Amino acid sequence: AAAQIGVTGLAVMGRNLARNFARNGYTVAVHNRTAARTRALVEEFGHEGEFVGTESAEDFVAALERPRRLVVMVKAGEPTDAVIREFAPLLEPGDMIVDGGNAHFADTRRRERELREQGIHFVGTGVSGGEEGALNGPSIMPGGSKESYEALGPMLEKISAKAADGSPCTAHIGPDGAGHFVKMVHNGIEYADMQLIAEAYQLLRDVAGYSPAEIADIFRTWNTGRLDSYLIDITAEVLAHVDAATGEPFVDVVQDQAEQKGTGRWTVQIALDLGVPVSGIAEAVFARSLSGHQDLRDASRGLAGPKAEPLGKAEAAAFADQVEQALYASKIVSYTQGFHEIAAGSDAYDWDIDLGRVASIWRGGCIIRAAFLDRIRAAYDARAELPSLLADESFAREIGEAQDDWRAVLVAATRQGVPAPGFAAALAYYDALRADRLPAALTQGQRDYFGAHTYRRTDREGSFHTLWGGDRSEVSA
Ligand code: NBP
């Protein structure tokens with residue numbers, strides 16, 4: 001039977017996506033550079049649905065019904081180009097190559113442009129949810145042409161996660177690199193969420209004096225409220241876990257150096273290029289990088305810190321409530337920054353991305369899935385041109401209600417010498433945005449002084465320069 005879809009690249013992600021398609025009733029052609037993986041998949045999971053195992057590129061392509069839908073799930077970067085070089089000559093106009101790897105959106109734009117000349121639709125697609133999601137329903141962020149979504153969308157909708165209201169967690173994001181761009185920012189937001197949770201944990205431990213097991217319970221309680229999310233849920237699981245070998249809390253036997261694969265870093269690099277302040281996401285990336293500098297940390301251990309004053313029991317419980325407020329407020333800020341970056345990318349590349357729809361398809365399947373995303377969707381549904389999430393009335397009200405506690409948590413963190421860079425960056429962003437006047441006026445004055453970079457005045461149109469080296473009179477520039 002002709003396969004409706006093909007998957008090449010059968011490591012964890014590709015194998016599970018192929019099984020997901022098959023379990024949903026599609027006939028799936030499967031292929032992998034090393035044929036043993038293809039055989040293993042068909043042997044182990046053949047009973048789950050219709051698979052067509054193929055060992056050569058020619059057989060794989062021949063197994064697909066036309067227009068062909070070919071999903072590539074290989075290691076991002078050069079391997080993706082190698083696979084394209086191998087398959088593109090075998091394809092015909094109208095066929096689709098779906099890259100589900102974590103590609104950089106600039107690579108996706110290039111590949112899309114090159115393949116378009118051949119009449120092939122290149123569909124750069126963000127897939128989130130890890131192994132588990134790929135099998136049982138990921139959040140899927142396809143870019144590429146509208147026509148390709150017409151041919152692919154129904155299948156993606158079928159295999160994707162479903163939000164609580166039953167709607168599929170996939171939608172056409174926009175042309176060429178839009179899907180991978182949105183996936184990149186998703187990961188940046190994921191970094192920020194994880195960092196904020198990590199800071200909350202450390203504050204509960206080092207300021208409030210709670211044990212990991214007690215903190216697990218606190219997170220479980222939070223997970224029944226407005227912070228309800230996959231990441232809070234797994235945080236409780238990890239904190240409650242006890243190491244079998246030592247009987248110690250698991251979190252105490254793991255080396256405290258966080259690794260990263262790069263999508264968080266890209267989010268910050270691109271934000272710098274686009275001029276979008278994503279300070280919370282940047283702090284999250286830097287926090288991971290700082291944790292990895294063991295040499296620097298060892299060399300700094302003797303530096304002076306404040307005298308610790310642990311809280312009493314009643315104070316600790318009140319502090320935990322304040323941390324919940326600080327975490328929630330900081331979370332609003334990191335999503336505000338992430339959505340700003342998506343809006344800026346959409347403007348820069350003419351993608352016309354619907355921000356409410358992005359929030360909507362992140363409600364299920366992906367790592368940042370959370371009740372909170374329904375609120376973001378509602379905010380953009382109410383006002384598509386919302387300039388910032390902080391301009392939404394209900395978020396503004398909540399953050400306003402949280403701010404006293406947010407500040408109190410940062411005061412306590414500072415006093416006790418516990419780093420909380422994510423909370424602090426988020427609060428600084430909030431305070432900067434609401435400030436009447438920023439010291440940027442002084443910065444402009446300095447720039448004009450040393451470089452004659454000119455400035456604009458609050459009371460008149462035009463650009464001006466002060467003759468700093470002369471009589472300090474002002475001239476029109
Ligand atoms: P890997 O990223 O580990 O890639 C392994 C696959 O790439 C194997 O099938 C391998 O074939 C194939 N491959 C390589 Br490496 N070089 C190749 C080449 N030159 N030509 C053809 N095939 C080549 O697999 P993964 O963890 O399943 O991830 C797949 C993609 O999905 C990646 O882009 C990843 O970033 C993305 N992603 C992963 C996750 C996750 O949670 N793991 C989540 C979301 C997205 P071989 O078997 O012959 O070596």
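By convention here, the first residue in the shown sequence is residue 1. Keep in mind it's a predicted model, so treat the numbers as computed, not measured. Note that ligands are numbered from 1 as they come in the structure, with each ligand's atoms numbered from 1 the same way.
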### Task
Please identify which atoms of ligand 1 are closer than 4.0 Å to at least one heavy atom of Val127.
44 (C), 45 (C)
### Task
Run the salt-bridge test on Asp233 and Arg220 with the 4.0 Å N-O cut-off and return the result as yes or no.
no
### Message
Only heavy atoms of Gly130, strictly under 4.0 Å: list the atoms of ligand 1 that pass.
### Response
41 (O)
### Query
If hydrogens are left out, which of Lys75, Arg15, Arg37, Arg33 has an atom nearest to atom 7 (O) of ligand 1, that is, the closest non-hydrogen atom?
Lys75
### Task
Have a look at ligand 1 and work out which part of Met73, if any, has a heavy atom under 4.0 Å from it: side chain, backbone, both or neither.
both
### Message
Does any part of the side chain of Ile173, heavy atoms only, come nearer than 4.5 Å to the side chain of Phe181, both counted from C-beta?
### Response
no
### Message
Is atom 24 (O) of ligand 1 near the protein, in the sense that some protein heavy atom lies at less than 4.0 Å from it?
### Response
yes
### Task
Please round to the nearest 0.5 Å and tell me the distance separating atom CE of Met96 and atom CD1 of Ile5.
8.5 Å
### Task
Record the part of Thr8 in heavy-atom contact with ligand 1 below 4.0 Å; permitted values are side chain, backbone, both and neither.
neither
### Query
Is the ring centre of Trp406 less than 6.0 Å from the ring centre of Tyr430?
yes
### Query
Does any N/O atom on Asn102 come nearer than 3.5 Å to any N/O atom on ligand 1?
yes
### Task
Could you tell me which atoms of ligand 1, counted from 1 in the order shown, lie closer than 4.0 angstrom to a heavy atom of Val83?
20 (N), 21 (C)
### Message
If you count heavy atoms of other groups shown closer than 6.0 angstrom to CD of Gln260, is the number above 12?
### Response
yes
### Message
For ligand 1 and Lys261, I'd like to know whether there is a polar contact (N/O to N/O, distance under 3.5 Å).
### Response
no
### Query
Under 6.0 Å from the CD atom of Glu78, do we count more than 12 heavy atoms belonging to anything else shown?
yes
### Summary
Of all protein heavy atoms, the one nearest atom 11 (O) of ligand 1 is Asn32 OD1, 3.7 Å
### Query
Which one holds for Leu10 and ligand 1: side chain close, backbone close, both close, or neither close, with close meaning a heavy atom under 4.0 Å?
backbone
### Task
Answer yes or no: are there more than 12 heavy-atom neighbours, outside Arg357 itself, under 6.0 Å from its atom CZ?
no
### Message
Quick check on contacts: which atoms of ligand 1 are under 4.0 angstrom from a heavy atom of Val12?
### Response
26 (O), 27 (O)
### Task
Can you sort out which atoms of ligand 1 are near Gly9, meaning under 4.0 Å from one of its heavy atoms?
9 (O)
### Query
Would you say Ala82 and ligand 1 have an N/O pair spaced under 3.5 Å apart?
no
#### Entry: Within the 6.0 Å centroid threshold, strictly below: His31 and Phe87
yes
### Query
For Ser128, is at least one N or O under 3.5 Å away from an N or O on ligand 1?
no
### Task
Flag the pair Phe395 / Tyr335 as yes when their ring centroid distance falls below 6.0 Å, and as no otherwise.
no
### Query
Does an N or O from Val74, backbone or side chain, lie closer than 3.5 Å to an N or O of ligand 1?
yes
### Query
Do other residues, nucleotides or ligands put more than 12 heavy atoms under 6.0 Å from the CG atom of Asp352?
no
### Query
Among protein heavy atoms, which sits nearest to atom 3 (O) of ligand 1, and what does the distance come to when rounded to 0.1 Å?
Ala11 CB, 4.5 Å
## Note on the structure
When distances are taken from atom 28 (O) of ligand 1, the protein heavy atom at minimum range is Met13 CG, 3.7 Å
### Summary
With heavy atoms and a 4.0 Å threshold, my read on which part of Thr34 contacts ligand 1 is both
### Heavy-atom side-chain contact between Leu427 and Phe423 under 4.5 Å
no
### Query
Does Ser334 have any side-chain contact (heavy atoms from CB on, under 4.5 Å) partners at least two apart in sequence or in another chain, and if so, which?
Ala192, Leu196
